[in-house]
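A, B, ... follow the sequence lines: proteins, then strands. Residue 1 opens every chain.
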Amino acid sequence: GAVVSQHPSWVICKSGTSVKIECRSLDFQATTMFWYRQFPKQSLMLMATSNEGSKATYEQGVEKDKFLINHASLTLSTLTVTSAHPEDSSFYICSARKTATTGELFFGEGSRLTVL
Amino acid sequence: EDQVTQSPEALRLQEGESSSLNCSYTVSGLRGLFWYRQDPGKGPEFLFTLYSAGEEKEKERLKATLTKKESFLHITAPKPEDSATYLCAAGFQKLVFGTGTRLLVSP
């Protein structure tokens with residue numbers, strides 16, 4: 001199998017604070033991880049592509065200074081939402097690619113962020 | 001522009017009532033068509049990958065098929081536990097996701 005673990009599952013924070021979400025591939029090494037955002041009843045929107053040991057590639061319209069992504073090892077990527085505001089409240093999901101030759105992604109359980 | 005469109009948006013079935021979900025795509029450089037299941041408040045769970053027209057894959061009550069322009073997810077004799085949102089995605093390096101079909105199977 002391919003297990004991706006995401007933590008925390010949900011977090012509530014005050015406006016202006018920063019929140020870190022961790023994504024780990026438990027039984028494989030992931031050279032590439034992806035961070036998505038999902039609004040209710042909407043599709044997954046790709047925020048950024050994270051490659052181990054290099055800077056993340058952000059999608060158009062995603063503020064790289066607000067959504068800091070670090071991919072420190074082949075099994076861990078982190079997303080930090082800096083100076084969070086209520087409009088950042090959303091469901092954030094990470095995914096990892098198991099091999100470079102197939103396209104399927106394996107997803108974490110998701111993290112529900114609520115900014116008060 | 002790469003696009004994935006799923007229909008219907010929502011589908012309600014009686015237990016045992018077979019049906020199909022549709023996913024049409026226009027993606028440049030298509031390398032794969034992927035189906036996922038997503039339960040409320042959870043991340044998507046991988047179901048199938050299809051690479052070429054004519055390919056079919058099965059898993060329990062689900063069968064996915066692929067043509068050059070669309071894919072179908074056939075659900076045979078569904079059970080209430082099959083209730084979920086089914087997502088389709090296309091591409092390779094970056095996957096483009098559809099908005100999903102919310103399936104509700106009533107006992």
Please report the closest heavy-atom contact between A/Ser25 and A/Leu74, naming both atoms and the distance.
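Heavy atoms of A/Ser25 and A/Leu74 come nearest at OG-O, 3.6 Å.
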Given heavy-atom pairs under 4.5 angstrom as the criterion, report whether the side chain, backbone, both or neither of [X] touches chain A.
X       : value
B/Gln38 : side chain
B/Phe48 : neither
B/Leu87 : side chain

What option among B/Lys42, B/Glu45, B/Arg102 has the most heavy-atom pairs under 4.5 Å with chain A?
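When all of B/Lys42, B/Glu45, B/Arg102 are compared, B/Lys42 has the most.
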When B/Gly43, B/Gly41, B/Pro44 are compared by non-hydrogen pairs under 4.5 Å with chain A, the top option:
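Counting heavy-atom pairs under 4.5 Å, the top option is B/Pro44.
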Residues A/Arg24 and A/Glu22 bridged, charged N to O under 4.0 Å:
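Between A/Glu22 and A/Arg24 there is a salt bridge, with a charged N closer than 4.0 Å to a carboxylate O.
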Does A/Glu59 come within less than 4.0 Å of B/Lys94, counting only side-chain N to carboxylate O?
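Yes, A/Glu59 and B/Lys94 are salt-bridged.
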Residue from A/Thr49, A/Leu44, A/Thr57 passing side-chain contact (heavy atoms from CB on, under 4.5 Å) with A/Phe34:
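Testing each of A/Thr49, A/Leu44, A/Thr57 against A/Phe34, the sole residue satisfying side-chain contact (heavy atoms from CB on, under 4.5 Å) is A/Thr49.
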Where on A/Gln38 is there a heavy atom nearer than 4.5 Å to chain B: the side chain, the backbone, both, or neither?
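It is the side chain, since no backbone atom gets that close.
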Name the region of A/Ile93, side chain, backbone, both or neither, that has any atom closer than 4.5 Å to a heavy atom of chain B.
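A/Ile93 touches chain B through side-chain heavy atoms alone.
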Side-chain H-bond candidate by donor/acceptor type, A/Thr114 with A/Trp10, under 3.5 Å
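Absent: no donor and acceptor within the cut-off.
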I'd like to know whether the aromatic ring centres of B/Phe34 and B/Phe97 sit less than 6.0 Å apart in this structure.
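No, the ring centres sit 6.0 Å or more apart.
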